[in-house]
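Keep in mind the model is a prediction, meaning the values are calculated, not measured.
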Amino acid sequence: MKNEILPWLILFLPLFSAAAITLFTLRRKTVSSLISISAVVTGFVLTCLFLSANTFHPTVTETTVNWLTIGNLSIDFGLKLDALSLMMMLIVTGVGGAIHIYSYGYMHDDRSMARFFACMSLFTFSMLGIVLANNFVMMFIFWELVGVSSYLLIGFWFEKPSAGDAAKKAFITNRLGDFGFLLGILMVWSLLGSLNFGALNSIVTANSAALGCGATLAGLLIFCGAMGKSAQFPLHVWLPDAMEGPTPVSALIHAATMVAAGVYMLCRTFFLFEHSPEALHVIAYIGGFTALLAALMAIQQNDIKRIIAYSTLSQLGYMVMAVGLSGPTTAMFHLTTHAFFKALLFLSAGSVIIGMHHEQNIWQMGNLRKKMPLTFLTFFIGALALCGVPPFSGFYSKDAILALALEEKNYLLFGVALFVAALTTFYTFRLFFVVFFGQEKSKEASHAHESPLVITLPLVALAVLSVVGGFIGVTNFYGSQFGAKHASLTVMEQFTHPFHDVFPMACGIGAVVVGLFLAFKFYKNAATDPLPAKLGALARWMANRFYFDELYEATVIRFHDLLAQSSDWFDRWIIEGACIGLIRGGTDLSGRALRLVQTGNLQTYAFLFVFGVALLLYFVLVK
Amino acid sequence: MHIGLQHYLAVSMLLFCLGLLGVILRRNLLVIYMSLELMLNAANLALVSFSRFNNKLDGQVLVFFIITVAAAEVAVGLALIVALYRKRQSAHVEDLTSMKL
Amino acid sequence: MEAINNLISGGGVEDVLFNVFAALTLLCGVLVIANPFSRSPVTSAMFLVLTIISMSGLFVLLHAFFLAAVQILVYAGAVMVLFLFVIMLLDLKEEARRNIKFFWLIGGLVSVGSIFAIFIKSLTHNYFEEFASSSKLPSPKLEGDTVALGKLLFTQYTLPFEIVSVLLLVAMVGVILLSKKKLE
């Protein structure tokens with residue numbers, strides 16, 4: 001590969017930017033934001049240059065620096081450059097760049113804008129690190145860095161208690177998953193003796209039984225990490241709360257990149273899962289269940305960002321399900337299109353929120369299509385892409401997942417995916433109708449205004465991507481990574497690809513139509529939500545997210561408190577009281593006793609010294 | 001009886017033990033210091049006799065250095081004693097027990 | 001010089017001289033640390049001078065003429081003058097005989113005695129017999145004359161020699177600083 005210095009540059013530019021902002025320009029908002037934006041945009045341009053220099057046909061290469069060697073274990077700091085990582089780099093820098101520019105408009109009146117951009121740059125650096133990592137240890141380090149920067153960004157408005165709590169919740173929930181991830185890494189290392197992805201891959205390929213009976217366990221432990229980052233059931237509770245962060249953060253971290261890291265990691269290490277159908281089954285069903293659960297919850301939410309957050313959860317469920325159905329190409333395809341349209345939706349929602357003067361309840365909005373035509377248009381495109389209306393990007397990726405489920409003959413998951421598709425359309429258009437149609441439901445809604453150009457431009461860019469993302473060669477890219485099953489298709493062939501397999505496509509479109517019809521029926525011109533009356537208890541359960549938080553509160557947290565209290569008691573009385581107290585007392589006593597020897601008289605010392613010399617001479621000369 | 005190495009060493013050893021006794025038993029700082037000089041001289045004597053009976057001059061060179069260092073040491077030590085005397089009005093080790101905690 | 005050489009290498013005379021100087025050295029050494037007639041440090045100092053002078057006699061017997069001269073010049077001349085000077089500076093009175101604590105006397109004697117015993121033991125030990133036999137050779141060849149010593153000092157031992165000179169300078173500066181009335 002040519003120009004191998006470029007990926008290093010792309011990786012470290014955001015770090016330099018974060019360092020420069022933190023060290024030098026914390027007091028200058030504009031300079032800081034320009035540094036950060038230019039770092040990401042330069043990264044994007046360089047990525048494009050790098051791709052074109054390598055004629056868009058990346059071969060797998062690694063460029064490494066030995067980092068540390070302990071015994072037989074040698075850990076590199078290396079970049080793995082293949083189709084998978086390069087495409088992700090494009091997403092991170094491209095979508096990230098759009099979001100950075102958007103943030104300049106969105107955060108313009110915030111006091112700590114410089115800090116915001118420093119954190120964003122740090123996040124970009126960590127995310128690129130995950131994407132480019134060529135071994136488990138490096139990936140884990142950046143994995144944690146992503147967790148930290150996400151913590152910083154969710155808790156950006158830390159003066160709000162809810163934001164601080166949400167940041168902590170996100171971080172701790174992620175740590176739970178990471179614990180499993182670390183165990184999985186250690187297990188892989190102990191079984192296979194290497195941590196490098198390429199080396200592991202060749203070991204597993206050469207001997208498919210290399211992992212032995214540990215394959216399922218190791219796979220599931222590694223999946224734990226993905227469960228935390230990609231917010232899969234049962235660790236999904238942090239993502240909706242993370243909406244306390246600023247909207248660009250939600251778009252960048254909790255839609256386009258960080259939550260995708262889990263899926264990315266599963267695809268990166270897919271060779272480990274290939275030989276364990278059990279692990280893949282668990283992954284697939286957890287993904288499907290999360291998708292269903294989150295979609296149900298989304299139906300009864302009233303906060304514009306939370307609805308999109310639950311939708312993100314649900315779409316992540318789709319991706320994990322696709323991985324579980326051994327379709328990493330499909331999963332990455334959906335990840336890519338999802339990054340486009342979900343970032344678009346979040347940013348449009350942010351634009352709405354600005355227009356509504358930071359009102360997020362959708363029942364306070366209404367009829368915004370007149371006031372904010374451009375936002376309306378982009379939101380509409382994003383919604384269509386999310387629902388999977390042809391020919392928007394979401395249609396292609398969702399269709400690929402449906403087709404995959406059929407191909408794997410997993411009719412249960414196919415049904416779930418179909419149902420979720422209908423639900424997706426339903427809640428998306430519920431949101432859409434309530435916000436943009438009907439009557440103005442509050443004073444803010446009637447005084448809403450369109451956002452400035454710096455905000456709408458990224459919207460337009462992302463909207464274009466959301467429209468065409470399905471057939472511009474994303475699958476070719478990933479297909480070249482994951483085996484020859486996916487032949488390289490021209491744009492036109494990709495455009496018509498779903499029509500080769502009519503049944504899943506028809507089902508998908510049918511689900512969309514059903515959802516759309518129901519949403520239209522219930523929410524066209526609705527002033528209040530008609531569903532609670534119709535569904536009763538179920539709606540209450542949905543609105544309260546099936547009481548998962550309360551369940552965790554009652555079980556996990558209660559248990560944890562108990563454990564903490566007993567540990568505290570143990571520490572206070574056994575360790576500090578008995579162990580440390582005894583040692584301290586013993587030292588004190590012997591010290592007091594030995595102090596008597598110190599008379600301060602010079603000649604005592606001389607006498608003792610001579611006596612010691614005599615003893616020494618006795619041992620050396622006489623004995 | 002012919003005078004050999006042993007005789008010189010015996011003298012040196014006796015002188016050394018005398019000096020040691022002085023250091024341990026006398027209380028006057030100055031006398032302690034003189035006793036130290038005795039011990040140094042005992043070592044010198046041993047070195048010179050070794051040098052003579054081993055046919056090597058190096059022992060004498062060492063003695064030369066010891067004399068030089070001893071001169072420096074005496075100068076510094078005596079200056080310290082003077083400074084101490086100014087502060088405490090005593091050159092008596094029993095009065096100097098501030099090292100005791 | 002020739003006469004002295006002849007005299008001291010004349011067998012019997014040498015032995016006599018050794019006995020005289022050794023006895024003088026030890027006697028004066030005893031008087032330095034424990035003078036039954038006087039408790040004054042000045043007496044101790046004077047006897048130390050005597051010890052050093054008789055020891056330089058021993059040096060001459062060992063054919064270390066240069067060192068004998070240096071011993072008298074540096075010790076008896078410079079160092080002892082310094083001692084006496086300090087004694088006078090401090091104006092120490094003849095101190096009252098203090099009671100030596102019994103415990104200290106015993107302790108000191110025991111520790112010094114044990115070292116003494118070890119020395120005796122090692123002197124009579126086997127590995128000294130080699131020396132003992134060699135010392136019975138009629139006349140050791142070595143002459144500690146100034147020329148040979150100077151050559152050695154300025155060839156093989158140049159570096160230590162220079163370092164020692166620096167040490168003297170340091171000591172001088174230190175002494176000047178220490179004896180100032182107040183350290184600034």
How many angstroms lie between [atom1] in [X] and [atom2] in [Y], if you round to the nearest 0.5 Å?
{"X": "C:Leu167", "Y": "B:Glu73", "atom1": "CG", "atom2": "CD", "result": "10.5 Å"}
{"X": "B:Phe65", "Y": "C:Leu153", "atom1": "CZ", "atom2": "CG", "result": "5.0 Å"}
{"X": "C:Leu109", "Y": "B:Ile24", "atom1": "CG", "atom2": "CD1", "result": "9.0 Å"}
{"X": "B:Ile81", "Y": "C:Ser179", "atom1": "CD1", "atom2": "OG", "result": "13.0 Å"}
{"X": "B:Asn44", "Y": "C:Ser56", "atom1": "CG", "atom2": "OG", "result": "12.0 Å"}

Largest heavy-atom contact set with chain C, pairs under 4.5 Å, which of [options]:
{"options": "B:Val69, B:Val48, B:Leu80, B:Val82", "value": "B:Val48"}
{"options": "B:Gly22, B:Gly77, B:Ala10, B:Cys17", "value": "B:Cys17"}
{"options": "B:Leu78, B:Val11, B:Leu20, B:Leu14", "value": "B:Leu78"}
{"options": "B:Ala83, B:Ser49, B:Ala70", "value": "B:Ser49"}
{"options": "B:Leu45, B:Val23, B:Ile32", "value": "B:Leu45"}

Task: Sole candidate of C:Val112, C:Ile33, C:Thr25 that passes side chain to side chain contact (heavy atoms under 4.5 Å, CB included) when paired with B:Leu18 - done: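 Only one option passes, and that is C:Ile33.
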
Check each atom of [X] against the heavy atoms of chain B and say whether the ones under 4.5 Å are side chain, backbone, both or neither.
{"X": "C:Leu152", "result": "side chain"}
{"X": "C:Ile52", "result": "side chain"}
{"X": "C:Ser111", "result": "side chain"}

TODO: Under 4.5 Å, counting heavy-atom pairs only, tell me which of C:Ser165, C:Ala22, C:Gly174, C:Pro160 racks up the most with chain B.
DONE: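 Winner by heavy-atom pair count: C:Pro160.
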
Open item on the list: One pair to check against side-chain contact (heavy atoms from CB on, under 4.5 Å): C:Phe119 and B:Leu9. What are the steps and the verdict?
Closed with: CA-CA 10 Å; C:Phe119 279 164; B:Leu9 285 184; over 6 Å; no

For [X] versus [Y], what's the shortest heavy-atom pair and its separation?
{"X": "C:Gly29", "Y": "B:Leu38", "answer": "O-CD1, 3.9 Å"}
{"X": "B:Arg26", "Y": "C:Val32", "answer": "NH1-O, 4.0 Å"}
{"X": "B:Phe64", "Y": "C:Phe161", "answer": "CE2-CE1, 3.9 Å"}
{"X": "C:His63", "Y": "B:Gln60", "answer": "O-NE2, 4.5 Å"}
{"X": "B:Ala72", "Y": "C:Leu168", "answer": "CB-CD2, 3.9 Å"}
{"X": "B:Val76", "Y": "C:Leu178", "answer": "O-CD1, 4.2 Å"}

Open item on the list: So for B:Leu40, is it side chain, backbone, both, or neither that comes closer than 4.5 Å to the heavy atoms of chain C?
Closed with: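 Side chain only.
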
Task: Interface moiety of B:Tyr33 toward chain C, non-hydrogen atoms closer than 4.5 Å - done: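 Both backbone and side chain.
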
Open item on the list: Parallel, tilted or perpendicular, judged at 30° and 60°: which one describes the rings of C:Phe18 and B:His7?
Closed with: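 Answer is perpendicular, since the angle exceeds 60°.
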
For residues 64-89 of chain C, dump all side-chain donor-acceptor pairs below 3.5 Å to protein atoms at least two apart in sequence or in another chain.
residue	atom	partner	partner atom	Å
C:Gln71	NE2	B:Asn41	OD1	2.8
C:Tyr75	OH	B:Glu37	OE1	3.2

Open item on the list: Please enumerate all residues that pass side chain to side chain contact (heavy atoms under 4.5 Å, CB included) together with C:Leu159, with sequence neighbours excluded.
Closed with: C:Ile163

Task: Set of side chain to side chain contact (heavy atoms under 4.5 Å, CB included) partners for B:Leu62, sequence neighbours left out - done: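 Side chain to side chain contact (heavy atoms under 4.5 Å, CB included) check on B:Leu62 returns B:Leu47.
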
Task: Within residues 42-50 of chain C, residues adjacent to chain B where the heavy-atom gap is under 4.5 Å - done: C:Ser44, C:Ala45, C:Leu48

